[in-house]
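First the structure, in the form of structure tokens, and then the observations on it.
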Amino acid sequence: MEKMKIEEVQSTTKKQRVATHTHIKGLGLEVTGKPLPFASGFVGQAEAREACGLVVDMIRQKKMAGKALLLAGPPGTGKTALALGICQELGTKVPFCPMVGSEVYSTEVKKTEVLMENFRRAIGLRIKENKEVYEGEVTELSPEETDSITGGYGKSISHVIIGLKTVKGTKQLKLDPTIYDALIKEKVAVGDVIYIEANSGAVKRVGRSDAFATEFDLEAEEYVPLPKGEVHKKKEIVQLIYWRHVDDNNLGYYHCLLGTSLLLSTKENKA
């Protein structure tokens with residue numbers, strides 16, 4: 001009997017490259033500002049890390065406005081790692097935009113275009129809104145199936161039963177099937193901390209509950225504490241929008257307008 005031939009199809013999509021500084025999580029400083037020997041992915045460069053810690057304090061006190069920081073040294077001494085450490089100390093929402101000198105001085109791309117692109121990646125807008133949400137750690141996630149409306153043997157999701165837990169209590173919710181699509185898109189699983197907007201049904205995954213954190217966890221997962229208060233509450237939602245997101249949305253809008261205008265012109269020519 002011949003062996004069944006099964007071959008794996010290699011994906012043609014570009015794989016994400018892991019950078020050399022993905023292990024840097026901060027500057028590795030104590031509360032007093034003194035550097036630790038081994039912390040936050042750093043080994044050595046104690047004096048430089050302590051000096052960068054002073055820069056971080058100046059930025060938080062808004063004393064670095066209009067000023068820049070120059071890190072000089074031979075290749076491989078940790079300049080990029082220190083810059084990334086400063087960025088991580090300021091918060092996970094602060095963008096880090098590395099630039100390559102050969103890209104800036106390329107003959108194909110103008111210097112101003114490269115600089116403007118990175119500036120727009122770094123500039124953001126923080127929007128605060130008070131919204132009615134359901135927030136908590138997911139303790140149960142059970143989609144309920146029913147016979148398809150169109151007939152046949154297929155099944156469709158009629159509703160979703162989800163359990164949310166906070167410090168003050170738990171609550172079980174029955175959600176619309178459209179919210180289930182948002183849960184799948186956010187890759188929500190049991191043990192994740194999420195919030196669901198009551199009006200729009202938008203789902204946001206905050207992170208993994210710190211109850212599931214282990215000392216030797218190798219996953220690049222963000223662990224968050226169990227939410228306080230009730231499950232159903234009014235919460236201040238902070239959304240951070242960068243100019244590059246606005247550019248991407250405008251680009252799609254312009255592409256839509258361009259396609260519509262081309263379609264109309266084609267119809268006029270045919271007429």
So, do Glu50 and Pro35 sit near enough that their side-chain heavy atoms are less than 4.5 Å apart?
-> yes

Pro227 versus Val193: any side-chain heavy-atom pair under 4.5 Å?
-> yes

Cluster check Val94, Phe119: I/L/V/M/F/W/Y, side chain < 4.5 angstrom | no

What distance do Arg205 atom CZ and Leu183 atom CG have between them, rounded to the nearest 0.5 Å?
-> 12.0 Å

Test log, rule side-chain hydrogen bond (donor to acceptor under 3.5 Å, both in side chains), inputs Ser209 and Glu137 | CA-CA 7 Å; Ser209 176; Glu137 176 191 334; 3.3 Å; yes

Beyond-backbone contact of Val190 with Thr139, side-chain heavy atoms, under 4.5 angstrom = no

Please report the closest heavy-atom contact between Leu164 and Leu173, naming both atoms and the distance.
-> CD1-CD1, 3.9 Å

Rounded to the nearest 0.5 Å, what separation is found between the CD1 atom of Ile194 and the NZ atom of Lys204?
-> 12.0 Å

Heavy-atom side-chain proximity of Arg120 to Asn118 below 4.5 angstrom = no

Check the surroundings of atom CD in Glu236: do more than 12 heavy atoms from other residues, nucleotides or ligands lie under 6.0 Å from it?
-> yes

Looking at Glu89 and Leu27, what are the two nearest heavy atoms and their distance?
-> OE2-N, 2.9 Å

Kindly compute the distance separating CD1 (Ile196) from NE2 (His232), expressed to the nearest 0.5 Å.
-> 11.0 Å

The reported gap from CZ in Phe42 to CG in Leu82 (rounded to nearest 0.5 angstrom) is 4.5 Å

Closest non-hydrogen atoms of Glu197 and Ser200, given as atom of the first, atom of the second and distance, are OE1-OG, 2.7 Å

Please assess Ile127 against Glu129 for the test side-chain contact (heavy atoms from CB on, under 4.5 Å), listing each intermediate value before the final yes or no.
-> CA-CA 7 Å; Ile127 303 174; Glu129 295 179 284; 4.3 Å; yes

Show your working on side-chain contact (heavy atoms from CB on, under 4.5 Å) between Tyr134 and Val203 and close with a plain yes or no.
-> CA-CA 10 Å; Tyr134 294 92; Val203 179; over 6 Å; no

Value for CE (Met58) from NZ (Lys63), rounded to nearest 0.5 Å, stands at 7.5 Å

Approximate separation, where rounding is to 0.5 Å, of Leu115 CG and Cys97 SG | 12.0 Å

Identify the two heavy atoms, one from Gly28 and one from Arg49, that lie closest to each other, and give their separation to 0.1 Å.
-> O-NH1, 3.2 Å

Do the side chains of Glu140 and Gln172 get nearer than 4.5 Å, heavy atoms only?
-> yes

Yes or no on side-chain contact (heavy atoms from CB on, under 4.5 Å) for Arg208 and Val224, after CA distance, side-chain angles and deciding distance?
-> CA-CA 6 Å; Arg208 190 76 173 164; Val224 294; over 6 Å; no

Smallest separation among heavy atoms of Leu141 and Pro143, with atom names | O-CD, 3.7 Å

Is there any side-chain hydrogen bond (donor to acceptor under 3.5 Å, both in side chains) pair reaching into residues 173-184, and which pairs are they, with sequence neighbours excluded?
-> Asp176-Thr178

Are Leu29 and Leu69 co-members of a hydrophobic cluster defined by side-chain heavy atoms under 4.5 Å apart?
-> yes

Tell me, please, which residues at least two apart from Glu135 pass salt bridge (Lys or Arg N to Asp or Glu O under 4.0 Å).
-> Lys233, Lys235

salt_bridge(Glu132, Lys234) N-O dist < 4.0 Å | no

Minimum heavy-atom distance between Val206 and Tyr195, given as atom pair plus value = CG2-CD2, 3.8 Å

Crowded around Lys79 NZ? As in, over 12 foreign heavy atoms under 6.0 Å?
-> yes

Give the intermediate values and the outcome of side-chain contact (heavy atoms from CB on, under 4.5 Å) for residues Thr80 and Leu84.
-> CA-CA 6 Å; Thr80 307; Leu84 180 57; 5.5 Å; no

Check whether any side-chain N or O of Ser158 sits under 3.5 Å from a backbone N or O of Glu144 as a donor-acceptor pair, and report yes or no.
-> yes

Check the hydrophobic clustering (I, L, V, M, F, W, Y; side-chain heavy atoms under 4.5 Å; chains of links allowed) and say if Ile179 and Ile184 are grouped together.
-> yes

Do Met64 and Leu90 belong to the same hydrophobic cluster, where Ile, Leu, Val, Met, Phe, Trp and Tyr are linked whenever their side-chain heavy atoms lie under 4.5 Å apart, directly or via other members?
-> yes

